[in-house]
**Student:** 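Here it is: the structure, laid out below.
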Amino acid sequence: MRRSGVPALAAAVVLASCTTSVTPVDLPPPDPTVAPPASTAVEEVIGEFGAPGIGDRLYPELGNGGYDVERYRLELEVGTDWSVNAVARIDLVPLENLSGFNLDLAGLDVESVEVEGFETVAFEHQSRELAVDLGGTAIAGVQISVTVGYSGTPRSVPADAVPFRPGWQQTDDLAYLFSQPDGAQSLFPVNDHPLDRADVSLAVTTPTGVEAVSGGTVVSESRGDSGDTVVWEMTDIAPYLIPLAIGQFTLASDRVVDGVRYDVWVSDDLVDLPAVDTFEIQPEVIAFFEQRFGPYPFDRAGALIVDDDLGAALETQTIPTYTATSARWGDVVIAHELAHQWFGDSIALEQWDDIWLNEGFATFAHWLWLEERFGFERYDSEVEAAYRTLSGIGLTESGVTPAVAADRVRAAFPPPDDPRASDLFNRSVYERGGLALVALRDAVGDEALFDLIRTYTQRYSGSSITTDAFLALVDEVLGDEPAALLTSWVVDVDIPALPGRGLVPPR
Ligand code: TRP
Ligand code: ZN
């Protein structure tokens, strides 16, 4: 599903160039209850093969063009050796007349690809692309169902963007997903980009005694000869935000507060970790954020805490994923991942290079939480520490000349809206992105700032956002001076001063 703030990119229904005369008419909306008339259209229209990438500026090869996924139905049978036997049924709507298209799938052995209504489907799986040749034309706007049978042992994928391999993580006792930005394809065939969100039903069968945990809502649980099966239903989710962990887990807490259910799942080995108790603070964090950001966008929150040492947490939708390492960071990281449920999950990116819209907001939010808990001085000291690093003040204080310090920070910290492809999660994205909102708060005050943020979440939740669209919103709600200020913080090469705080970059 694409509910984009930029209709031109999202709803481009392009008629393929073809030799027969086809009139570009307004296509009827897809009706999933009606069987696709694909077979009758084969002689009339010749489609083109969908583009191998979705059009991401930073990562042109990510995702796929030509279609929009509505739903993934995944059935995974997991073995004791972490091998999977799987069927993925994918309902997708062509955005143009298609002769075929790619899905992203890294590794694994594809055994079959079938498409309802197409008799002569062929496929080729190379590296990370599964190319499906329909042997006919799928008509723009008319949903088709693709069924992929596959098996193998999932492996995390290499990525330029991050200093580890995203996707399926495996230890002796545990497997889990940590997919940002493009690791969902380590487990299933997918349009692996946040621009194409979809509904997901995920059925996982595990050997008896092994538990699977995911997000959204559990719709069924059953025991069979081949193991235990749990089915989850997730709505409107980007592929990288699908939570999944398989191993020995305990439900440490399952409170319902103000209609939100807080399930805390913990690797059995970690149940006695004191950090697990910290998660009891979650309803307070959400109540605090709701006053500033507007209603919490889901009916579940919680935590999935896995016994691994990866040094990060991930804002998986409705149940963020923490490792033993990141869970120890306490309520700062909890606040950060919960803030992402508004910024990143409910409001999704259209382009990865706008990642500051996720991370800058989540950083600002966890600073606000620190202010709430420990007072304004704590917020202030976080802001100052970030500014000293990002501006180079810290360098000049240790004897570096201002000119050299300015050069070094220019090289190390690109502007938040322009991260390098090899360094998507640069500190600038987090901290100068957060400082941008601090500067805006300094300039317009709390009432105007949080009005803006509530307008933002109200207008864009369930949709996608770009930096340009956000700047236009700031202009509309707060006026052109605040919009210019924010632009200097996220777009300009050099970090601006924070005049109210006496913080000026070395030059
Ligand atoms: N998005 C995660 C967060 O901020 C962190 C994260 C995911 C990350 N992948 C990363 C950080 C790679 C650094 C590198 O909550
Ligand atoms: Zn984050």
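Residues take their numbers from the sequence shown, with the count starting at 1. In each ligand, atom 1 is the first atom listed, and ligand 1 is the first ligand listed.
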**Student:** If you count the non-hydrogen atoms of other residues, nucleotides and ligands that lie under 6.0 Å from CD in E397, is the total more than 12?
**Tutor:**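 Enclosed: over 12 neighbouring heavy atoms sit under 6.0 Å from CD of E397.
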
**Student:** From the options F364, W356, F361, select the one residue that forms a ring-ring contact (aromatic ring centres under 6.0 Å, His included) with F343.
**Tutor:**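 Result: among F364, W356, F361, F361 is the only option passing the ring-ring contact (aromatic ring centres under 6.0 Å, His included) with F343.
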
**Student:** Just to verify, which of D417, D354, D418 counts as forming a side chain to side chain donor-acceptor pair (under 3.5 Å) with T467?
**Tutor:**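 For T467, the side chain to side chain donor-acceptor pair (under 3.5 Å) test succeeds with only one of D417, D354, D418, which is D354.
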
**Student:** Could you pull out every protein residue that has a heavy atom closer than 4.0 Å to ligand 1, ordered by chain and then number?
**Tutor:**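 Contacts of ligand 1 under 4.0 Å: V162, P163, F164, F178, Q180, A313, E315, H336, E337, H340, E359, F425, Y430.
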
**Student:** So, the side chain of T457 versus the backbone of F293: is there a donor-acceptor pair under 3.5 Å, distance only?
**Tutor:**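 Yes.
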
**Student:** Is it true that D81 and S83 share a donor-acceptor pair across their side chains at a distance under 3.5 Å?
**Tutor:**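 Present: a donor and an acceptor within the cut-off.
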
**Student:** So, taking the atom named CG in L435 and the one named CD in E384, what distance separates them when rounded to the nearest 0.5 Å?
**Tutor:**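 Rounded to the nearest 0.5 Å, the CG-CD separation comes to 11.0 Å.
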
**Student:** Checking side-chain polar atoms at under 3.5 Å, does E315 have a donor or acceptor matched by the opposite partner on H336?
**Tutor:**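 Per modelled atom types, E315 and H336 side chains form no pair under 3.5 Å.
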
**Student:** What protein N/O/S atoms are there under 2.8 Å from the Zn ion (ligand 2), waters excluded?
**Tutor:**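 Checking every protein N, O and S atom gives H336 NE2, H340 NE2, E359 OE1.
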
**Student:** Going by side chain to side chain donor-acceptor pair (under 3.5 Å), R128 matches just one of N102, D192, D182. Which one?
**Tutor:**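 Between R128 and the candidates, side chain to side chain donor-acceptor pair (under 3.5 Å) is satisfied uniquely by D182.
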
**Student:** Among side-chain atoms of T250 and D268, is any donor-acceptor pair under 3.5 angstrom?
**Tutor:**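 T250 vs D268: donor-acceptor pair found between side chains.
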
